[in-house]
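One-based numbering, in listed order, for ligands and for the atoms of each. Note that the numbering runs from 1 along the sequence shown for the chain.
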Amino acid sequence: MKLPEYAYFKGEIVPYAEAKVGILTHALNYGTGVFGGVRAYKNDDNGKLYLFRPYDHYKRFLNSCKMMLMDLGETPESLTQHTIDLVKKGGFSEDVYIRPLAYKSSEMIGVKLHDVEAEFSIVALPFGKYVSNDTNAHVTVSSWRRLDDNVIPARGKISGAYANSAFIKTDAVRSGFDEALVLTQSGHLSEGSAENVFMVRDGVLYTPAVYENILEGITRRSIMELAAKELGMEVIERPIDRTEIYICDEFFMTGTAAQVTAITKVDHRPVGDGLMGPVAAKLRELFFDILRGKNEKYAAWNLEI
Ligand code: PMP
């Protein structure tokens with residue numbers, strides 16, 4: 001991966017090479033960081049970059065900080081401004097991925113959340129596709145389980161919790177799958193390693209509810225709204241059993257990185273007829289237009305840089 005040229009670090013934009021932490025940094029040792037993932041999309045017709053729902057991303061980021069007792073003294077608006085400044089400085093002419101990170105910065109020994117300093121950084125880098133087979137992904141149900149809210153809350157995007165996602169993803173990829181679905185301790189579907197999930201059965205769209213140890217995805221929220229308003233679908237949040245995925249009509253995953261990725265095979269069984277279905281196809285078309293500022297109706301989701 002090509003490293004970015006600049007980073008927002010300790011209150012200013014600096015060359016990326018200067019944005020360094022010591023090896024005793026609390027977050028590096030104990031996973032006491034929280035992060036985000038925001039994207040800016042290039043519209044090739046007008047040459048502009050559009051940041052997708054930055055205030056919602058930063059609201060979730062600050063809520064994650066709150067859980068971890070980190071007070072950054074920032075607002076969604078100020079963090080968005082730092083992001084705009086950084087992206088402008090980078091002079092990008094393509095799609096960009098933005099990674100804000102808040103971390104317990106004290107260099108010390110001691111497992112706790114209180115009385116530890118916090119800092120935050122932001123980097124921005126060019127970014128293409130995250131899942132290569134985004135119209136025909138083959139996924140497996142992981143033998144790992146999702147972290148429970150009373151273990152490490154999945155609703156907070158906490159760095160340490162991503163060791164769980166890393167176990168899930170690597171086992172799946174090494175076994176030849178594109179991604180994995182993960183179940184909760186009680187055996188219901190939770191999400192992917194870094195994506196929320198949706199199932200279509202008989203024209204109704206289902207997704208696991210927020211109490212199923214999911215990250216409350218910004219893409220998930222957007223897709224639920226689009227399915228209801230633009231496709232006129234009933235959207236239901238409820239527990240989903242593992243075997244429902246084997247017999248459903250359509251299945252797809254959503255996320256800032258994965259966008260809307262159609263899953264056409266689960267554990268070697270075709271989903272529906274084994275091809276991307278009409279709901280995923282329509283949602284992808286709608287969503288991709290919105291992301292590039294080509295749909296006036298949802299212009300409020302975008303911030304032009
Ligand atoms: N679940 C997990 C575990 C994730 O890491 C992500 C990526 N942020 C998502 C779901 C999707 O969330 P969003 O649409 O906000 O990117």
Side-chain angles (χ1 to χ4, degrees), residues 31 33-41 51-65 67 76 79-80 83 95-102 122-123 127 129-131 134 137 139 142 144-149 151-170 172 179-184 188-199 207-227 235 237 240 251-261 263 280 283-284 286-288 290-291 298 301-302:
V34 310
F35 65 101
V38 189
R39 273 174 94 160
Y41 289 91
L51 261 182
F52 186 64
R53 303 189 79 160
Y55 302 119
D56 294 318
H57 275 283
Y58 280 126
K59 193 170 166 200
R60 183 177 72 193
F61 180 71
L62 290 173
N63 278 338
S64 300
C65 288
M67 286 184 208
L79 290 166
T80 299
T83 304
D95 293 351
V96 182
Y97 184 84
I98 296 131
R99 163 55 51 83
L101 170 73
I122 312 174
V123 290
F127 196 72
K129 266 189 188 180
Y130 182 71
V131 183
D134 64 338
V139 306
S142 182
W144 297 96
R145 292 292 170 109
R146 175 54 86 219
L147 288 158
D148 193 79
D149 194 48
V151 177
I152 305 179
R155 146 179 315 105
K157 215 168 150 50
I158 298 168
S159 301
Y162 278 75
N164 177 242
S165 289
F167 278 120
I168 293 161
K169 177 85 178 201
T170 289
E179 249 298 340
L181 306 173
V182 62
L183 306 177
T184 61
H188 290 129
L189 181 60
S190 177
E191 55 182 342
S193 70
E195 305 86 9
N196 294 114
V197 292
F198 287 87
M199 167 180 89
T207 192
V210 291
Y211 50 75
E212 298 283 18
N213 297 317
I214 64 167
L215 180 77
E216 297 178 2
I218 312 294
T219 319
R220 172 183 182 272
R221 194 183 309 164
S222 308
I223 290 300
M224 287 168 78
E225 190 173 335
L226 291 176
V235 182
E237 294 175 81
I240 295 177
F251 200 81
F252 54 89
M253 322 186 274
T254 66
T256 297
Q259 301 166 320
V260 179
T261 290
I263 293 171
L283 287 170
R284 277 169 64 90
L286 261 168
F287 191 56
F288 290 167
I290 292 171
L291 294 176
Y298 293 92
W301 283 354
N302 287 323

So Y97 and F127, would you call those rings parallel, tilted or perpendicular, with 30° and 60° as cut-offs?
tilted
Please name the pair of heavy atoms, one in T261 and one in R284, separated by the smallest distance, quoted to 0.1 Å.
CA-NH1, 4.4 Å
Please work out whether the ring planes of W301 and Y298 are parallel, tilted or perpendicular, with thresholds of 30° and 60°.
tilted
List in chain and number order the residues that pass side-chain contact (heavy atoms from CB on, under 4.5 Å) with V210, two or more places apart in sequence or in another chain; answer none if no residue qualifies.
R155, I214, E216, R220, E237
Pick out the protein N or O atoms lying less than 3.5 Å from any N or O of ligand 1, and list each pair with its distance.
| residue | atom | partner | partner atom | Å |
| --- | --- | --- | --- | --- |
| ligand 1 | 1 (N) | E191 | OE1 | 2.6 |
| ligand 1 | 5 (O) | K157 | NZ | 3.0 |
| ligand 1 | 5 (O) | Y162 | OH | 2.5 |
| ligand 1 | 8 (N) | K157 | NZ | 3.0 |
| ligand 1 | 14 (O) | I218 | N | 3.4 |
| ligand 1 | 14 (O) | T219 | N | 2.9 |
| ligand 1 | 14 (O) | T219 | OG1 | 2.5 |
| ligand 1 | 15 (O) | R60 | NH1 | 2.7 |
| ligand 1 | 15 (O) | R60 | NH2 | 3.2 |
| ligand 1 | 15 (O) | I218 | N | 2.8 |
| ligand 1 | 16 (O) | T256 | N | 2.9 |
| ligand 1 | 16 (O) | T256 | OG1 | 2.6 |

Specify the closest pair of heavy atoms between S159 and V34, including all atoms of both residues, with the distance to one decimal.
OG-N, 3.8 Å
For D148 and N213, the nearest pair of non-hydrogen atoms, with its separation, is OD1-ND2, 3.3 Å
